[in-house]
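Remarks on the structure that follows.
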Amino acid sequence: MSRTYLSPPDVGRVERDLLIEAFDSNWIAPLGPHVDAFEREFADAVGVPCAVALSSGTAALHLALLILGIGRGDDVVTSTMTFAATANAIAYVGANPVFIDVSPDTWTLDPDLLEEELKRRARRGHQAAAVLTVDLYGQCADYARVGEICERYGVRLVEDAAEALGATYGDRKAGAFGECAAFSFNGNKIITTSGGGMLVSRRRDIADRARHLAAQAREPAPHYQHAEVGYNYRLSNLLAAVGRGQLKSLPDKLARRRAINDEYRRALRDLPGIAFMPEAAYGRSNCWLTCLTVAPEAFGASREDIRLRLEREDIESRPLWKPMHLQPAFAGCAMSGGSISEDLFQRGLCLPSGSSLTPGEQANVIAALAATSAARGQSARGVAHA
Ligand SMILES: Cc1ncc(COP(=O)(O)O)c(C=O)c1O
């Protein structure tokens with residue numbers, strides 16, 4: 001039996017054909033017709049006017065902050081519950097991350113704590129330069145509230161939508177909030193180009209500037225002319241071809257991830273001590289990863305017991321993100337609250353959720369998880385069989 005991964009790439013014939021077409025065209029460069037087409041198609045999919053294809057989601061975050069003029073000495077408020085790339089991008093521009101805990105209702109940036117933070121800063125006359133929200137595990141942050149708070153205090157909003165392609169908030173898609181948003185096409189994401197990212201924005205000037213900086217800030221001249229420091233951040237035409245193929249099946253991939261999430265919820269609903277990531281009423285998650293928390297007393301085993309049991313069965317699962325305020329790399333950064341994210345980290349687990357996960361593989365995950373409960377006699381009845 002082969003290993004069951006958390007979220008492996010799900011690629012097929014369409015991607016292969018496009019990749020070979022790109023190869024045969026000899027546009028083997030960080031520019032070309034597939035890059036242009038991928039940008040147009042991606043912008044349409046997200047519902048924003050502009051998209052710039054880049055080498056990673058991290059590059060998109062870095063450029064977003066640079067272009068908004070955020071730099072040394074500035075403070076950027078962000079969610080502590082995220083992948084390190086969010087905070088790293090803040091550090092790249094020389095700014096200071098200011099971490100905020102998440103709301104227990106959405107696991108995204110807590111709007112009440114954000115409001116307190118910006119109010120305190122307004123009183124001190126030292127306002128944050130930006131708020132960088134994270135659409136965690138494919139669930140949008142609370143944009144009505146966060147957007148209103150940012151507007152009230154005159155703070156710019158940037159969206160880390162790396163995990164959230166296809167998620168919605170009201171009738172808008174993840175990536176449509178804030179002045180810029182970043183997406184990732186890393187191998188474990190909902191669509192992948194092996195590595196890659198996209199910066200999207202409503203503003204054409206931001207997109208043009210991102211394209212310029214991502215191409216080593218090369219000026220239009222026959223020789224190599226550079227008026228400022230640039231970056232080598234453009235996406236390869238070969239990878240853009242793969243991305244175009246992936247985008248074509250995005251609706252199927254979203255439906256599949258949703259069905260996997262539904263099945264976990266259905267099959268595990270009666271297990272004591274298991275609670276799933278709440279889905280906020282304001283939108284629809286893309287179900288990138290199905291996440292749950294374990295109350296050890298009720299369940300009869302800990303999150304780590306489950307993870308190790310799955311591992312013994314060659315099933316990959318992973319603790320939720322370790323909060324940034326607990327990471328040595330960000331020791332000493334300001335932090336507001338923390339108990340919610342710390343608890344999620346202690347008790348939370350991401351289950352295999354890839355769009356290529358087969359019903360048989362998922363049944364094995366469910367069976368192994370249920371078998372971990374010490375209250376087996378009682379809880380086994382709780383595992384709803386199809
Ligand atoms: C929340 C978040 N932000 C940023 C990134 C960075 O994206 P990339 O790996 O494409 O640089 C990721 C994923 O990798 C992520 O999960």
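Please read all numbers here as calculations on a predicted model, not as lab measurements. Computed over heavy atoms, backbone and side chain alike; hydrogens, waters and symmetry mates excluded. First listed ligand is number 1; within each ligand, the first listed atom is number 1.
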Closest to atom 7 (O) of ligand 1 by heavy-atom distance, out of A161, S184, A89, S79, is S184
May I ask you to list the atoms of ligand 1 that are less than 4.0 angstrom from any heavy atom of [X]?
| X | value |
| --- | --- |
| T82 | 1 (C) |
| T86 | 3 (N) |
| G196 | 10 (O) |
| A85 | 4 (C), 5 (C), 6 (C) |
| A162 | 2 (C), 3 (N), 4 (C), 5 (C), 12 (C), 15 (C) |

Please confirm whether [X] makes a cation-pi placement over [Y], using NZ or CZ under 6.0 Å from the six-membered ring centre and within 45° of the ring normal.
| X | Y | result |
| --- | --- | --- |
| R172 | Y143 | no |
| R218 | Y224 | yes |
| R40 | F42 | no |

Looking at CD of E263 and CG of L268, how far apart are the two atoms once the value is rounded to the nearest 0.5 Å? 8.5 Å
Nearest 0.5 Å, what's the CD-CG distance between E228 and L66? 9.5 Å
Quick test: of every protein heavy atom, which one is nearest to [atom], and how far off is it to 0.1 Å?
| atom | value |
| --- | --- |
| atom 13 (C) of ligand 1 | K189 NZ, 2.6 Å |
| atom 12 (C) of ligand 1 | F83 CD2, 3.5 Å |
| atom 11 (O) of ligand 1 | T58 OG1, 2.4 Å |
| atom 3 (N) of ligand 1 | D160 OD2, 2.7 Å |
| atom 1 (C) of ligand 1 | E163 OE2, 3.3 Å |

Could you tell me whether ligand 1 has any atom less than 4.0 Å away from a heavy atom of A60? no
Does any N or O in the side chain of [X] come within less than 3.5 Å of the main-chain N or O of [Y], such that one atom is a donor and the other an acceptor?
| X | Y | answer |
| --- | --- | --- |
| N237 | P30 | no |
| T372 | L369 | yes |
| E39 | A53 | yes |

Residue of the set V76, V131, L132 for which side-chain contact (heavy atoms from CB on, under 4.5 Å) holds with V158: L132
Near E151 CD, under 6.0 Å, is it more than 12 heavy atoms from other residues, nucleotides or ligands? no
Would you check the N or O atoms of W321, main chain and side chain alike, for any that come under 3.5 Å of an N or O of ligand 1? no
Taking distance alone, with no angle check, do G57 and ligand 1 share an N/O pair under 3.5 Å? yes
Answer with side chain, backbone, both or neither: which part of S56 has a heavy atom less than 4.0 angstrom from an atom of ligand 1? both
